[in-house]
Structures are given as C-alpha cells and as structure tokens.
Amino acid sequence: MPETTQLNVNGRTREVEVPPETSVLEVLRNDLGLTSPKFGCGLGLCGACTVLLDGRPTYACDTPIEYVGTAEIETLEGLGTEDAPHPLQTAFLDLQAGQCGYCVSGILMNAAAFLRANPRPTRDEVAAALDRNLCRCGTQQRFIDAVLLAAERSG
Amino acid sequence: MTTGLPPSLAANPRLSTWLAPHPDGTFDLRVGKVELGQGIVTALTQIATQELGLRAGAVRPVAANTEISPDEGVTAGSLSVTFSGAAVRRASAEVRLLFLRAAAARSGVSPDEITFSDGTFAAPGGRPYGYGDLVDNVDLDIEAGDEALAVAFLPIGEATSMSRVDLPDKIFGRPRFIHDLTFDEMLHARIVRPPGMGAHLLGAPVDEVAGLPGVEHIVRDHDFLAVLATREGLADRAAARLAAGATWTDTEPLPDSSRLPDWIRSQETESSPIRKDGAVHGTGSTTMSRTYSKPFVAHGSIAPSCGIARFAGGRLEVWSHSQGIFPLRAATARALGLEVEDVIVQHVEGAGCYGHNSADDAAFDAALIATHVPGRHVRVQWSRADELRWEPFGPAMIGDVTATVGDNGRVSDWTYDASGNGHTARPGYAPAHGLLSDAHRAGVDRVPPAIDPPPARGYGSARNAEPTYDFARMDITTHRLLAMPIRSSALRSLGAHLNVFALESFMDEIAEATGQDPLAFRLAHLTDPRARDVLTTVAEAAGWGSPTAEGVGRGISYSRYKNRGSYCAVIAEVEAEEAVHVTRLTIAVDVGRVVNDDGVRNQIEGGAIQSTSWSLLEQVAFDRSRITSTDWEAYPILRFSDAPRVDVHIVSRPDEPPLGAGEATQGPVPGAIANAIHDAIGVRVRNLPFTPANVVAAIDEA
Ligand code: FES
Ligand code: FES
C-alpha cells in the first residue's frame, strides 16, 4: 500500500506517496524526475545507481526508501550545474572522461564522497575507491586521471 | 544517381535530408549513423562544421529517425567515419556552394567573385552575407551531384578535437538516455523469459498475478510472457511472482562448456574457402601446428536493454537504442504483419554498444506488447540477468594453424582454419524468428543459426583470418556451424578477435622456435610501410629490447583491421603471479587522416581496456541446460584497480582517407598479452581467457 514518505533530496524536502519497499532509485527517477542515477543491475554490483546518503556512497537500486529516514540524499543534479560546476565535473569535461557515459553519474558521486574524505589521494587510492563502480566502455584511465586532476586543482 | 558521390549520399541524395539551415545561421545535421557511446555523432558534426566553415556549436546533430534521416544502414564495423563522413563532407560542401551562389545573386556579381571567410560570403566591397541571411534564397530540396557546382572542399587544418556533444548532459546528470525517457500514463513492462532456449511454457499463475497491485495487463503468446504495471517496482514484483509460478518444459541441451573446442569440432559446418594458394607443409626446415580458442563473450552493456513503443491508429512508434533503426523497422513490421510505412523508429542513446546486443530485441518486445494495449506507451527494460542470459554473445571459436618455415627463417606456407558460429544475427538475417520474442511467441526450439557478413562488409569468421604478412602461399578456410544452441551475433571486431590472437601468438611461437626476435621476425615479413611504421613506433615508445623488471613480461602484436582498415601495433607488459595482471599497453595506430584526435584516443584506450577484460576474465558460463553467468559476480569484468595504463601513439597520415578506430585493438591486445605472459613465465596460453585455471592448464600441458 502506498504511504506518504518525506525525503531530503539535494537540500529540499520532498514528499512521495509510494509503497515503502520502493527503491530509492525508482523514487528518484520516476517520482521525483531526478534521472541522473541509473539502473544497471539492481543488485548492488555495478554502481550505476550510486547516490550519497548522508555523504556515504550508496547503491540506490537496492535501498528501499523506508530505510532512508531523515538522511540527506544527494544526486548528481545536486552536485553542480553547467554554470556552477563541481571541480570533478570540470575535470571530467576537460579530459573528456566518458564514452557512453552511462556509468558517469555513479562514478562522479562516488568520487565526490571520496575526495571529501581524501582530498589528496594517490592514483592507487582513486582506483581502489572506484572499484565500487563498473565501466564497460573501458574509460577507467580517464576517470582516474580526471579525479586526480580535480583533486590537484582543489589542492 | 550521380557518379562520384560517396555511396551514402548517392543512396540519400536530397541535400535537405542531411542539412537544414535556420535563420540564425545555424544548421541541423541529420545522419543515419547513431551514437553508441563511441563519439561518432561528434566526429560527423565536426566534419559538417568544418566544411560549412562555421564555428563549433553552429551545427546541431539530430537523433536518427526513420521518418526524416538518411538510411545509412547499421552503425558498425568502424566504417562510420569513412562512409558517413564522406557523405556529410560532400553534402556540406555542396550546401556551402549553393549559399555562395545565392550570395552572388544577391550581390549582383558572379559566384567566382564571392569570397568566403569566417562563415560569411562577400562580393568585393559588398555587404557580407551569413548563412542565416540567405536561408530564403536557397532551396536545399534538390539532389546532390550538380556538376555545375564544381565542388571543392575547404582545406582541412590540423586534426582538431571538437568536444563530445553528448558529454555535458551526462556529466551534469540531464536526461539523455532512452532509459530516462518518459511519457504520460506510460506502462512498465517486464518479460518473464524461459529458463533457456527450447523450454516451452506449460503454465503460469496469470490470474493471481493479474490481481497484484498496479498490474494492468498480462500478455501470453506461446512462450512469450510479459506483465505490465503502473510502476517499475510493481512490474518487477509481478514478474518475479509470475516467474516463480511458471512451469516450463526442458530446454534444448547446451554443449559441455569445459570442452568447447571438442563441441565445435563435432558440429556440422558450412566451409568457405577464403584463399587457396596450395600451401605445402613439411618441406621447409620447420613445420609447426597449433590450435587457439576463445569462449562465448558477452557484450555486457552497463545498462540493460530498453525499448519503448506505442501502437495507435494502426501506426507503431518505437524508441530504441538499436544500431540500425531501418533494419529494425523492417524486421518489426514483418514480424507484426504491419506495413513498413506504418512503423516509425526513433533512435535514443543507450549505454555503450559494442555490437549486436539485445537493443533490437527490447525494442521488439515493446512493440509486440504495445499492440496489446493500443494507445499506451509501453516501456520495456530487461533485467541484468536476462541481459547476460539472452543477449546474442560473441561466438566461441577455434583457430587451427600450420606454418612451414624455410631455411632462411621466413614463413613460406601457412594454413589456417577458423571454426565457430556465424557472426551476425541482426534483424533481417533470417526470414523469421531472429528477434528473440518473435522466436518465443512462435514456440520454436532454437533461433536460426547466425550467418557471416560478406567479404565486402569485411567478413565475420574470416575477418583478419588471412595474415597481412608476406607469406608465399596461404590456404585460409572458415567453417560456420549450422546449429546455434547458444545465441550468437556480432561482437566488436567479430572473428578478428580470435584470428588475430591466433596469428600473433603463432608468429611469436615461430620466432621463438627459429631463434628470432619477435619484432624483427614480423618486420621481415612486412613490406607495407604503414604496417612497419606502427611496429617501429610502438617498439620505440615501449622500449622494446630493453630489459624488463623482475617478474615482468613484454609481448608484441600487430594487425591491420579487416586487412584494409586501421593499422595497430600493441606492446603489453604483464605481471603473472597468482593471476595475470596487465600493467601497461603501449599502442601505435594509423587511422589515416584523423578527424577528431581525442575521439580516436578515447576509442583506442577504451577498446584496449575492454579487450584486456575479455582476455583476462571473460567467458559466458553455462551448464547443460542454461546460461549461469547472469550477474557481474558470475561474469566479472575488469575493475578500475586492474585496468592497465594505456599509452596511445597516433601515426599521422593527413593525406590518407580516414579509417575507423573503434575495433582496431580488439585482436592485437590478446596477442600481445599472450606473448607477454610467455615472456614472463615461459608458458604459452592458447585458450582465452587467461584465467588462473587456463594458465595452470597450459603449464600442465607444456
Ligand atoms: S544498479 Fe545499483 S549497483 Fe547496479
Ligand atoms: S563510459 Fe560507458 S560504461 Fe563507462
């Protein structure tokens, strides 16, 4: 049965009326029109759906909204815009990091959380952090370079 | 048809099909090629922008649609920049000259008095006209090829790199993919597939599921079973309930996955001689024979396939991330008994596509279901498990090769046989049942066996089967299986993946057996200067011949894709301890004239890393009745920590025609890795992938 749930998304309070076991991914994409997190596997194995829950990278595909409570949800829409981009977004554009780009949203969110905790990472640390995400197009090298570039510029 | 026009333009000669000018001086560009994540639309937009003499941003690409776009067939085979690029360039040049004529008429001078610079046309001392000023004076609804235009192309400057037109949306999280598309009252459909091919539906809890929350409709047609619901999550739950309660007959048996080469050899085949010089073996100083193999490999797009359709008033609209919207339209119309004109297919980007995956199947699923609920938009999204179980895989293959080497250390005779399923099962390849759900609703036991593309399209099994080395006599034959228990079709580079791996591994084995340096041995059999250049370039860049660190092996490999496309040489560095780890790939490519430098690099890097993943990890797993590798744990792909550094060196050929880059590395990479493994630990691994199990088996056999 649908129930009313309040969610904190990108700094705003949003209300949805959906079954409580609905995934965060479905609510964001289909009820709130925030389509940046992607469905890839639905099993917590690819990272395409990664959003931040109170700053922690989380697989939105297998997280039901009933578990979210008052936690702050952050999606790529809230990270930055073309006019006010996050340093990661600037670095990704500068290095043209992306082929199909389907994995990019999850990678950016994961990287954003990672850089907050570790602003001056080594290459190996970036790679290890991004092991939560899969990229089938083989863009790994550019993504790692772009995260390092963003870190360097923010340093 | 005008002679001398690029084939794509000759087939779609109306200039207005390609370019539509706006009063603000910008253009819409319509091409029949589609964005698959490879950046082709950016490259074609760049060509049009340059040839119209405009600034970046003034030409906007429009997504392909069967109603308005030129029919350019399928986007595949690394041909887009060559063929579509030539058409776009020619069409753009003609359009520019038609505007120049109009400027001359407005200025009252002859066309040769008009100068064109910075996007404007001007008579001496006269007022300058931009494209926008002349829109009403030019009719583009005419055919290309007017001889009087005396088409001359603008000089091409340095290879530039226009930024990808699609990346900003993806980096700022704006809707762009087909998965993000939504319509009012859209229904979400989920398909309940059989456990495997040939299993027929006996029963399903249709009445029970029809009463579940949100469920609007259930479609059952022989072995095709689908549920429609108002929400995705509700559709998932209903489908899971249907699947749990459905009963099926047994599947058709699958081969023994631990003995794929034996299975291939036991099958009935159709043999095709590719070249027959009458090779003679046993007469030289050395004759060697080896067999190499590859398993079934998945496309494994990071997004599952998606299709949307609406059927209303006898017309069917379809949204798809297909590689070929026109062939999909024809096959859909045929399967559903509609007129082709009553089907419209609109391309919308999906996740990266590396060949014929299940995009067309998902589009057909949506179309089929939409005919049951007229007026409603139906969105089908495959599950990850269905994607990894039902997509058409790159087929398993074996390559048997024998070579005879003369006293001079040169190969004189070479015999190669490649065997496996065919490499294309695209919509329309068979008269019926090629689209998955069309097979399921017909209740057939197996889909028709895949075929091989003809020589003009670069072959399938035979792609790169013929070495480009200067051997005196070569006999090359392919053997295509006539049954297809495991659905297979085109995967990036088709047969070239196994063929180049076999050829380049064997070249190393011969060099070793005859005491020659692998690089020098290859160069001794190559007279084509472009082939030699990529090899010497890569050797210098990677320090070929210098000592490697303890435990590190280095291997080299080379091919010319399709024997007429890009040249590519690769040097791999690997560490082989518990598992094989590729630390670095140094790559030299010659792709002719480079249209978009960064686009080429991105494609080469991506292709190389993907091919490393195929080489080290990938094989579709199955038992005797069904595919079992249905998630990313059972079908692992390369992760960030395991991705090699890739250094790309482009050998510039500004005066040669552009050649595609997308598939150039797929074959050379496993060759270079195999040769590097041998250099590191002295073992020849001849069966892909280079998993610890296959490495250990190779050690045991040695
Ligand atoms: S879609 Fe959530 S991890 Fe794959
Ligand atoms: S860019 Fe396509 S999956 Fe990563």
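Order of the sequence lines sets the chain letters (A, B, ...), proteins ahead of strands, with each chain counted from 1.
If you tally non-hydrogen atom pairs under 4.5 Å between each of A/Thr139, A/Leu134, A/Leu88, A/Val104 and chain B, the highest count goes to A/Leu134. Heavy-atom pairs under 4.5 Å with chain B peak, among A/Cys137, A/Gly101, A/Ala128, A/Cys103, at A/Cys137. Of the listed residues (A/Ala129, A/Gly40, A/Ser36, A/Pro19), the greatest number of heavy-atom pairs within a distance under 4.5 Å of chain B belongs to A/Gly40.
With a 4.5 angstrom heavy-atom cutoff, A/Ala97 touches chain B only via backbone atoms. Contact annotation for B/Phe177: only side-chain heavy atoms (C-beta onward) come within less than 4.5 Å of a heavy atom of chain A. With a 4.5 Å cut-off on non-hydrogen atoms, B/Arg237 touches chain A through its side chain but not through its backbone. For A/Leu108, the part lying under 4.5 angstrom from a heavy atom of chain B is the side chain only. In this structure, no portion of B/Glu35 lies under 4.5 Å from any heavy atom of chain A. Contact annotation for A/Leu93: both backbone and side-chain heavy atoms come within less than 4.5 Å of a heavy atom of chain B. Neither the backbone nor the side chain of B/Thr182 has a heavy atom closer than 4.5 Å to any heavy atom of chain A. Residue B/Ala351 touches chain A through both its backbone and its side chain, counting heavy-atom pairs closer than 4.5 Å. Contact annotation for B/Pro213: neither backbone nor side-chain heavy atoms come within less than 4.5 Å of a heavy atom of chain A. Heavy atoms of B/Ser383 lying under 4.5 Å from chain A are absent altogether. Proximity to chain A (any heavy atom under 4.5 Å) is shown, for B/Asp236, by neither the backbone nor the side chain.
Residues from residues 45-66 of chain A that place a non-hydrogen atom less than 4.5 Å from a non-hydrogen atom of chain B comprise A/Leu45, A/Cys46, given in numerical order. Scanning residues 78-86 of chain A against chain B with a 4.5 Å heavy-atom cutoff picks out A/Gly80, A/Thr81, A/Glu82, A/Pro85, ordered by number. Contacts from residues 115-127 of chain A to chain B, taken as heavy-atom pairs separated by less than 4.5 Å, involve A/Arg123, A/Ala127 in sequence order.
Within the 4.5 Å cutoff, side-chain heavy atoms of A/Asp31 are placed close to those of B/Arg231. Side-chain contact check for A/Lys38 versus B/Asp180: some heavy-atom pair is nearer than 4.5 Å.
From B/Glu349, atom CD reaches atom OH of A/Tyr102 across 12.5 Å, with rounding to the nearest 0.5 Å. Interatomic distance, A/Thr22 OG1 to B/Leu234 CG, rounded to the nearest 0.5 Å: 7.0 Å. If you take OG1 on B/Thr42 and CD on A/Gln96, they are separated by 8.0 Å, rounding to the nearest 0.5 Å.
The ring pair (Phe, Tyr, Trp, His ring centres under 6.0 Å) pairs that include a residue from residues 123-155 of chain A are A/Phe92-A/Phe143, where partners are two or more places apart or lie in different chains.
Distance alone, capped at 3.5 Å, is enough to place a donor-acceptor pair between the A/Gln89 side chain and the B/Ile171 backbone. Judged by distance alone, the side chain of A/Gln141 and the main-chain N or O of B/Val646 form a donor-acceptor pair under 3.5 Å. Looking at A/Glu26, its side chain does come within 3.5 Å of a backbone N or O of B/Gly233 through a donor-acceptor pair. Looking only at distances, a side-chain donor or acceptor of B/Asn602 sits under 3.5 Å from a matching main-chain atom of A/Gly98. For the pair A/Arg29 (side chain) and B/His179 (backbone), a donor-acceptor distance under 3.5 Å is present. With A/Arg136 contributing its side chain and B/His299 its backbone, the two residues share a donor-acceptor pair below 3.5 Å.
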Decide side chain to side chain donor-acceptor pair (under 3.5 Å) for A/Asn30 and B/Glu232; before the verdict, give the C-alpha distance in whole Å, the side-chain angles of both, and the deciding distance to 0.1 Å.
-> CA-CA 8 Å; A/Asn30 296 1; B/Glu232 281 199 83; 2.9 Å; yes

Start with the C-alpha gap between A/Arg142 and B/Arg601, add the side-chain angles, then the distance that decides, and say whether side-chain contact (heavy atoms from CB on, under 4.5 Å) holds.
-> CA-CA 11 Å; A/Arg142 284 192 183 216; B/Arg601 288 176 192 280; 3.7 Å; yes

A/Gln99 vs B/Gln603, side-chain contact (heavy atoms from CB on, under 4.5 Å): CA-CA, chis, key distance, verdict = CA-CA 8 Å; A/Gln99 287 184 57; B/Gln603 279 283 284; 3.5 Å; yes

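Around the CZ atom of B/Phe183, the shell of radius 6.0 Å holds more than 12 heavy atoms that belong to other residues, nucleotides or ligands.
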